[in-house]
Amino acid sequence: MNKLHIEGSSSGSGSSNIRRKPVIILVVGMAGSGKTTLMHRLVCHTHLKDIRGYVMNLDPAVMTLPYAANIDVRDTVKYKEVMKQFNLGPNGGILTSLNLFATKFDEVISVIEKRADQLDYVLVDTPGQIEIFTWSASGAIITEAFASTFPTVVAYVVDTPRSEDPTTFMSNMLYACSILYKTRLPLILTFNKVDVAAHQFALEWMEDFEAFQTAASSDQSYTSTLTQSLSLVLDEFYNNLKSVGVSAVSGVGMEAFFNAVETSAEEYMETYKADLDKRREEKQRLEEDRRRESMDKLRRDMEKSGGETVVLSTGLKNKEASKSMMDEEDEEGEDEEMDDDDDLGIYTEEEDAIDEDEDEEIDRFGF
């Protein structure tokens, strides 16, 4: 199997540092679509084909796992204790547990980076409630941490027998579309349970919207009309998707799945990594502009002061200055009050003593 290589940052001489990195496979899907069972099949396939894999479980509420996980969120966060401590329900407990685990996710990235040369794939199982991972802050942190460090692919698991209904099929496609544009990562539509129902009908609906319109026209409800309208909108969306049919029970389609992963990893290198580098450069440019503006402002202030000492306007100094001004105003007010006292004929003690002396003299010369 072809190994993926990533070209590191090149130096000024043009030489490049090439280091191999594993491919991250995020397995997401609706509840009951068979994510955990598919994860078990993927782990078995890696052992059978001597593929070096690393397994991670991000579902804190799962009771038992059919596979051994190298990194398990349950070893770090106790789901029931979180529910009891924060007085939460099942979904709130899962979300809070994932948030707590995300605060230390840089350590997970460090562990995988240390073993990058020994791994081909990192299989990541997500919580059963898909919205908790795809639309939460912790899910975004985990996804972006993976995608900024390793080639990352999203495997969206679809329950094939239930998707035979056109409305359910369209609901799955809308959710897949939202995940694709939110994560901006390569996405693989993984039609699970093909041993129960073949996924050929789904491929036909994706390639020919008229066939989907015909299948949906049997229902005259408002939902069916909306579904037919959405099929025209998503026609372009289907062209950018890779789809495979697998069976988590029988193991059908495993080779096709990993081939799609390799192709998606190359797409990551061509599109996502380039977009990520562009966003990093833009952020660095904005930071340099901000730093340059600060230096220009400092230079202008120094030129304006002419090299003299400049008193910075801080809140503390302003407070002290305002206090001293208030004290000066109080002193001036007291002086003005004393002058006013003189004008109003109010005498002080010294003036009273002088008046008493004058009275004595008058008494002495009195007749």
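Everything numeric in this text was worked out from a predicted model, so none of it was measured.
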- Query: For the residue pair S33 and N192, what are the closest heavy atoms and their distance?
  - Reply: O-ND2, 3.1 Å
- Message: For the residue pair S138 / N99, report whether a side-chain donor-acceptor contact shorter than 3.5 Å exists.
- Response: yes
- Item | Side-chain donor-acceptor pair present, E131, Y175, cut-off under 3.5 Å | no
- Item | Residue pairs passing the side chain to side chain donor-acceptor pair (under 3.5 Å) test where at least one lies in residues 197-207, sequence neighbours excluded | none
- Message: Please give me the minimum heavy-atom distance between L98 and L58, naming the atom from each residue.
- Response: CD1-O, 3.5 Å
- Item | Carboxylate-amine/guanidinium proximity below 4.0 Å for R290 and E293 | no
- Task: Please report the shortest heavy-atom distance between Y79 and P60, naming the atom on each side.
- Result: CB-O, 3.3 Å
- Look at the aromatic rings of F212 and F169 and report parallel, tilted or perpendicular, splitting at 30° and 60°. tilted
- Between S217 and Q228, is any side-chain donor less than 3.5 angstrom from a side-chain acceptor? no
- Message: To check you understand the geometry: which heavy-atom pair defines the closest contact between V244 and F257, and what is its length?
- Response: CG2-CD1, 4.0 Å
- Of all heavy-atom pairs between F133 and P127, which one has the smallest distance, and what is that distance? CB-CD, 4.0 Å
- When you look at CG of D296, are more than 12 heavy atoms from neighbouring residues, nucleotides or ligands closer to it than 6.0 Å? yes
